[in-house]
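Chain letters run A, B, ... following the sequence lines, proteins first and then strands; every chain starts at 1. Heavy-atom basis, side chains included; hydrogens, waters and symmetry copies ignored.
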2 protein chains.
Amino acid sequence: MNLPPLIQSFVLHFGEMGSRWGINRTVGQIYALLYVSPEPLCADQIVEGLGISRSNVSMGLRELQAWNLVILRHIPGDRRDFFTAPDDIWQILRTLAEERKKREVDPTLSVLRELIMQQPGSEEERYAQSRLMEMNGLIEQLTNWYDDVKGLDTERLATLLSLGSRVTRLLDAKDRIASLGRKRRGDGQP
Amino acid sequence: MNLPPLIQSFVLHFGEMGSRWGINRTVGQIYALLYVSPEPLCADQIVEGLGISRSNVSMGLRELQAWNLVILRHIPGDRRDFFTAPDDIWQILRTLAEERKKREVDPTLSVLRELIMQQPGSEEERYAQSRLMEMNGLIEQLTNWYDDVKGLDTERLATLLSLGSRVTRLLDAKDRIASLGRKRRGDGQP
DNA sequence: CTGAATTTTCAGAAATTTCCGAAATCAGGT
DNA sequence: ACCTGATTTCGGAAATTTCTGAAAATTCAG
């Protein structure tokens, strides 16, 4: 591996981390390298920087393209493919969220729905189904929230994040007022 | 494997899925089985149900305990260890989020901070550092949001989810009003 | 069409991870 | 202390994943 020490540390860390995710070491390293490179890189520059085989780089880039994490660029008068990570880190986050959802939650959601449809053949299965329904409901709440939020532009998304739990305090205040009103009038639920 | 078909399907799916996460197939299967079992299970019941070796079950349970995803129970007059997944699925979600953060983001955050502190030795490193700072900033925003939200009780959390992006619309309205006020008075920024 | 540059594919080597069975350890009960 | 039932550890077998080098395919210039 043939990189400035700071970049090498980052690349190595991302490689290790990659395995805790679904991606393998070299894919993580390739992405890290592209991420910190000001200019797009061609495959041989990656081979050079990372000290891995040309074919391995080809595989890695293919995988990163499947994840939409990398952009293919062409330089006029050069036949080689150049790759780069998007500049906008919020866009990277969105892509990552979308792709992980696609790979990690959508398949489960579809299995859950299918199993919930089935006629249970025993008490055990009936209970299992009730648990599956709980899980399905939770995942749906989360994905609904995600689908709603993912369309926000960056500024609003950042606002929403910085707001955090304060959102609910507003609602609480509103609830207390409403509840107070009901109490005075002496109707229904507290 | 010796389970009712519906449960078997779920267990097998969770096993496959497990590999897309950081956990391995059998750990996923063990968890799935515990999740849909109304009563706590002992190791031999898991061996029986899943058709894997006793030692493998022991390893798997140890891993699930490290993740805090499984509760050890004792039945009076029985020396064996029994295991169960928590009933409350929101609690499971919280645990999952906490443990994944601990394993997947905290180490990266600490490396990023360390590398950002270093004195860059070249223009390349200087640029790389600027990218690292962007990444660090984004992750901090996300973890701040998470730290803020994770303390909410389930009801409030559900409310926050169902609110989704509507939060920002309220703020937009507020901004428009404030901006209108400034315009009328004829001061500063639009 | 030919040929050089580049990328992709693929079979198997290398490395890693998972899994089992045997042995060791542990925790009461007698 | 010793026995018994239960759990954990651990070396290495089995399976899976990653990685490589050679060959094939693709792409474009002339």
Hey, what are the protein-to-nucleotides 23-25 of chain D N/O distances that come in under 3.5 Å?
none

TODO: Could you tell me whether a side-chain N or O of A:Gln118 sits under 3.5 Å from a main-chain N or O of A:Leu115, the two making a donor and an acceptor?
DONE: no
TODO: Using ring-ring contact (aromatic ring centres under 6.0 Å, His included) as the criterion, list what pairs up with A:Trp67, not counting sequence neighbours.
DONE: none
Open item on the list: Taking A:Leu12's backbone N and O only, do any of them form a donor-acceptor pair with A:Gln29's side chain (distance below 3.5 Å, no angle check)?
Closed with: no
Open item on the list: Looking at A:Gln45 and A:Cys42, would you say the former's side chain and the latter's main chain have a donor-acceptor pair under 3.5 Å?
Closed with: yes
Open item on the list: How long is the straight-line distance from CD1 of A:Ile30 back to CZ of A:Arg25, given to the nearest 0.5 Å?
Closed with: 12.0 Å
Open item on the list: Taking A:Pro40's backbone N and O only, do any of them form a donor-acceptor pair with A:Ser37's side chain (distance below 3.5 Å, no angle check)?
Closed with: no
Open item on the list: Which residues in residues 10-37 of chain B have a heavy atom closer than 4.0 Å to any atom of DNA chain C?
Closed with: B:Asn24, B:Arg25, B:Thr26
- [ ] Measure the spacing between CD1 of A:Ile7 and CZ of B:Arg131 and express it to the nearest 0.5 Å.
- [x] 12.0 Å
TODO: Look only at the side chain of B:Tyr146 and the backbone of B:Glu98, and say whether a donor-acceptor pair between them is shorter than 3.5 Å.
DONE: yes
Detail all sub-3.5 Å separations between protein N/O atoms and N/O atoms belonging to nucleotides 26-30 of chain D.
residue	atom	partner	partner atom	Å
D:dT27	O2	A:Arg79	NH1	3.2

Open item on the list: Taking A:Ile89's backbone N and O only, do any of them form a donor-acceptor pair with A:Arg94's side chain (distance below 3.5 Å, no angle check)?
Closed with: no
TODO: May I have the step-by-step check of side chain to side chain donor-acceptor pair (under 3.5 Å) for B:Ser165 and A:Asp148, ending in yes or no?
DONE: CA-CA 6 Å; B:Ser165 64; A:Asp148 190 16; 2.8 Å; yes
Open item on the list: Test your reading of the model: is there a side-chain donor-acceptor pair from A:Glu125 to the backbone of A:Gly121, 3.5 Å cut-off?
Closed with: yes
Task: Distance-only polar pair, side chains of A:Asp106 and A:Thr108, donor-acceptor under 3.5 Å - done: no
Task: Parallel, tilted or perpendicular, as decided by the 30° and 60° cut-offs, for the rings of B:Phe10 and B:Tyr35 - done: tilted
Task: Over-ring placement of B:Arg20 relative to A:Trp21, 6.0 Å and 45° cut-offs - done: no
Task: Residue B:Arg100 excluded, over 12 heavy atoms near CZ under 6.0 Å - done: yes
Open item on the list: I'd like the 5' and 3' limits of the part of DNA chain C contacted by chain A, with heavy-atom contacts below 4.0 Å.
Closed with: C:dA4 to C:dC10
TODO: Using heavy atoms and a sub-4.0 Å distance, could you list which residues of residues 40-78 of chain A are near DNA chain C? By number, please.
DONE: A:Arg54, A:Ser55, A:Ser58, A:Met59, A:Arg62
